[in-house]
4 protein chains.
Amino acid sequence: MTTEEAGSRTREAAEAAILEDRQTGEATAPDEADGQGVAVLTGASRRKLESRRKLFVERGYHETRPQDISKAAGVGHGTFYLHFEDKLDCFLAFTEEAADELEIFVQTHHAVAGSLEEGIRELLTAIFEYSDKNPGVLAAALTDISVLSTGDTGKKMPVDRWADVWAQLMEHWKETGEAFAELDTRMAGYLIVGAIKQGGAYGFRRRLERADVIEGMARLFVRALKK
Amino acid sequence: MTTEEAGSRTREAAEAAILEDRQTGEATAPDEADGQGVAVLTGASRRKLESRRKLFVERGYHETRPQDISKAAGVGHGTFYLHFEDKLDCFLAFTEEAADELEIFVQTHHAVAGSLEEGIRELLTAIFEYSDKNPGVLAAALTDISVLSTGDTGKKMPVDRWADVWAQLMEHWKETGEAFAELDTRMAGYLIVGAIKQGGAYGFRRRLERADVIEGMARLFVRALKK
Amino acid sequence: MTTEEAGSRTREAAEAAILEDRQTGEATAPDEADGQGVAVLTGASRRKLESRRKLFVERGYHETRPQDISKAAGVGHGTFYLHFEDKLDCFLAFTEEAADELEIFVQTHHAVAGSLEEGIRELLTAIFEYSDKNPGVLAAALTDISVLSTGDTGKKMPVDRWADVWAQLMEHWKETGEAFAELDTRMAGYLIVGAIKQGGAYGFRRRLERADVIEGMARLFVRALKK
Amino acid sequence: MTTEEAGSRTREAAEAAILEDRQTGEATAPDEADGQGVAVLTGASRRKLESRRKLFVERGYHETRPQDISKAAGVGHGTFYLHFEDKLDCFLAFTEEAADELEIFVQTHHAVAGSLEEGIRELLTAIFEYSDKNPGVLAAALTDISVLSTGDTGKKMPVDRWADVWAQLMEHWKETGEAFAELDTRMAGYLIVGAIKQGGAYGFRRRLERADVIEGMARLFVRALKK
DNA sequence: CATGAATGAGAATTCATTCAT
DNA sequence: GATGAATGAATTCTCATTCAT
């Protein structure tokens, strides 16, 4: 998605667009919408419904009612179901939105990344910057699917997407000979995501300095991965 | 708990007791696994209520009703509330029970652990053995508290306990000079728990060989920690 | 409410409107009989929910479930909570409705009241006529608040409203010199309301002739109040 | 009941016995117990169960559970049902106990009463003294039966007993020619009880001076009844 | 497209009462 | 007699979703 666009933007611009609630993002988001009931709308109410983010982040999935989202968006209850199949669908939309934003961060940061060491540090910085501007969003978006519904929805969750991103990077570092050869990049992707999620939550709770958290993580990740 | 007893048992015996649903544990567990504010009830129904585990694991917190637990235990609805203050209290009891069990595994494995490398491998083995015998229990017990209730309950969750265990081990390895000096053991404890949780889920979903998962994790952890 | 309308109606007409379940009252009552915090809903279900009266009167507060009221009204359980905050709120709405109706009776009767003696007799007549047409309503509406909820709700209960009405009348009779000068009208208002409530219940149980009950009360009240 | 005893006691002694929680009352209370399941017991637990009074007064009927009464009495749940048929039976026992106590007050005060005027003032004084020593007891004991259960229990409630007492007194005053001849003493009994109940509640809420409340009531009652 | 009144299955919890010990 | 663990019908209230307008 929007990779060509992202390429033509400066890194700062791309991030700014995201952080300022995607006023320029309109051109991109609808693209991903398939012709089906979900996320079909382009107009005002779709943008309004993005108020879901605030609610899901602050209250969590189970404490947020479709009604709340509609109300916060200033639309009627019924309108909610013109945009989302159901509550879970709405949550996944939020989740994907967050993943999209993060992906841009990751990509733009990677563009300038040189060595494995610099790259990891850059990425973590990007992630925590994002987290700083969007407090709680990652934690909320990484909510375990099993908590949301019983049956496996088959949906690709943000965890998977993000793990992929890391896996690809590590694959790249394997090719450049910076990462050790036996590295199982898929597995390592999940391990890193898990570590970041838990470590991030810990740092948040303990109100640790962002720089310290990043440094602590980076050191361990670099040691773990470097040849 | 039962540390003196655990000492007198062989490691296998101790684990077996746990894994076989604690037939020998009765003398110890029911007395202290409670501490929940509700009257410390012993007797038939309390033990029966341990059926909660199966349900929380299979369906998750939100899909398990107090009624289900009572029914599975073969007792009346009201009996549930003689043993637990409310649903959350019941879940936390399950959670602590699992943490207790795991702690024994970790302790007994550590007892024989020699080097950092062996130690990590041992621990991971222990954890995955436990997970193998108690499928899903760890994942369920590590459920994020924020998903369970709105307000912070102030309870120490299994994640914290487990992170502590790892932190202490790493502290030990720092003293023996096996772990690198600048290691922030607290943070690293959380990172490892997060990684194991996510990696474990990944391995479970992909039906990976346990040995491979352990090996993959161990390699990374050792690299990350060793001097 | 509807004071100007009541003025233009004959006394009989105004009462009839009330007693015949307010078919003409629709224009006025639904708009203000609410004031309850929950959205001011008009429309079918609100009027239907007035079936609460029958239930509260026949079964009393504790024997009437929100569900019963909904069912009697032919609406769903959930609808109940669109109109009332909770069960108590619903009861208080009934209570206020009854007080409103009674107030009109009292006012219209007072309009024609001449002397203290005539006035008292008129009022009692009005009250018992109302009670006759709405059997049990006053008794139910005068239910002691302490029976309904633990904490003081701070709400002005019908007893207070009605005591006020009597107090004002007595104040008037003090001014005209018909009532004795030292009369504490506030206190006397409560005494009279209490007496009517208990005496009414007694008369109802004993199936006494309405005229006799009125006469018995009137005689005592007149003696007590007249200069 | 115990009229001969009451007669041989001084008024002060009789009241003291009541107010000091009836240490001497044991000889009397059991007398009234019939040979049936209810109130059969004489021993320790019966006296203990009298803690019901505090609970019914403070929390009201619906907020007081048999369990609470048992607990307050320091006996087991089951013991409750050895003494009372059910919760309502227990409440009525409390109610009768209060009525008994009040009756003694009323009788002893009446013994010294001379004129109608003095008599009324004496009685009111007695009642409010009792209420002062036993705050809330009368209000609780006068709880309307309809609030307690659906079907008429056929039990004679305290209201009735008390109304009777007043009726008898008024009958007496009719005979002495102090009360006006046409007085319907039965009805008037209820009117007075109702007035006292409501007026007492009002005075209590407004924290009026007891003397003022008594004076206010007495004046009205005397005016209403005197020839 | 948009609405919001209406819905009713379902959730958590309570409590009067029983009965085996 | 005394106990208190056990019960399950019953209660209040919620909330994801629908559908007539």
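Within every chain, numbering begins at 1; the chains are lettered A, B, ... in the order of the sequence lines, protein sequences first and strands thereafter. Values below: every heavy atom of this structure, side chains too, minus hydrogens, waters and symmetry copies.
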Would you mind reading off the distance between [X] atom [atom1] and [N] atom [atom2], rounded to a whole angstrom?
X	N	atom1	atom2	answer
B/Asp68	E/dA12	CG	C1'	12 Å
A/Ile69	E/dA2	CD1	C1'	17 Å
B/His62	F/dA16	NE2	C1'	15 Å
B/Tyr61	E/dA11	OH	P	13 Å
B/Lys71	E/dT13	NZ	P	19 Å
C/Arg65	E/dT13	CZ	C1'	16 Å
C/Phe84	E/dA5	CZ	C1'	15 Å
C/Glu63	F/dA10	CD	C1'	12 Å

Please name the pair of heavy atoms, one in [X] and one in [Y], separated by the smallest distance, quoted to 0.1 Å.
X	Y	value
A/Ala141	A/Thr95	O-OG1, 3.4 Å
C/Asp86	C/Tyr81	CA-CE2, 4.0 Å
C/Leu55	C/Thr64	O-OG1, 3.3 Å
D/Asp89	D/His83	OD2-O, 4.3 Å

Watson-Crick and G-U pairing of DNA chain E, under 3.5 Å, as dot-bracket with | and [ ]
.||||||||||||||||||||

Can you tell me which nucleotide in E/dT7, F/dA6, F/dT12 comes closest to the side chain of B/His83?
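Nucleotide nearest to B/His83's side chain: F/dA6.
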
Select one nucleotide: of F/dA6, F/dT3, E/dA5, the one nearest the side-chain heavy atoms of C/Leu82.
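Among the listed nucleotides, the one closest to the side chain of C/Leu82 is E/dA5.
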
Can you pull every protein N or O that's under 3.5 Å from an N or O on nucleotides 17-21 of chain F?
{"from": "F/dT17", "atom 1": "OP2", "to": "A/Tyr81", "atom 2": "OH", "distance (Å)": "3.3"}
{"from": "F/dT17", "atom 1": "OP2", "to": "A/Lys87", "atom 2": "N", "distance (Å)": "3.2"}

Given the rule in the side chain to side chain contact (heavy atoms under 4.5 Å, CB included) test, do C/Leu92 and C/Phe84 qualify, once you have shown the distances and angles that lead to the verdict?
CA-CA 10 Å; C/Leu92 293 180; C/Phe84 306 108; over 6 Å; no

Residue pairs fulfilling salt bridge (charged side-chain N to carboxylate O under 4.0 Å, His left out) with at least one residue in residues 69-79 of chain A, sequence neighbours excluded
none

Within this structure, what is the NE2-CD1 distance for the pair D/His77 and D/Ile69, rounded to the nearest 0.5 Å?
12.0 Å

Spacing of CZ belonging to B/Phe80 relative to CZ belonging to B/Arg65, to within rounding of 0.5 Å:
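That separation rounds to 12.0 Å.
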
How are the rings of C/Phe91 and C/Phe56 set to each other: parallel, tilted or perpendicular (split at 30° and 60°)?
perpendicular

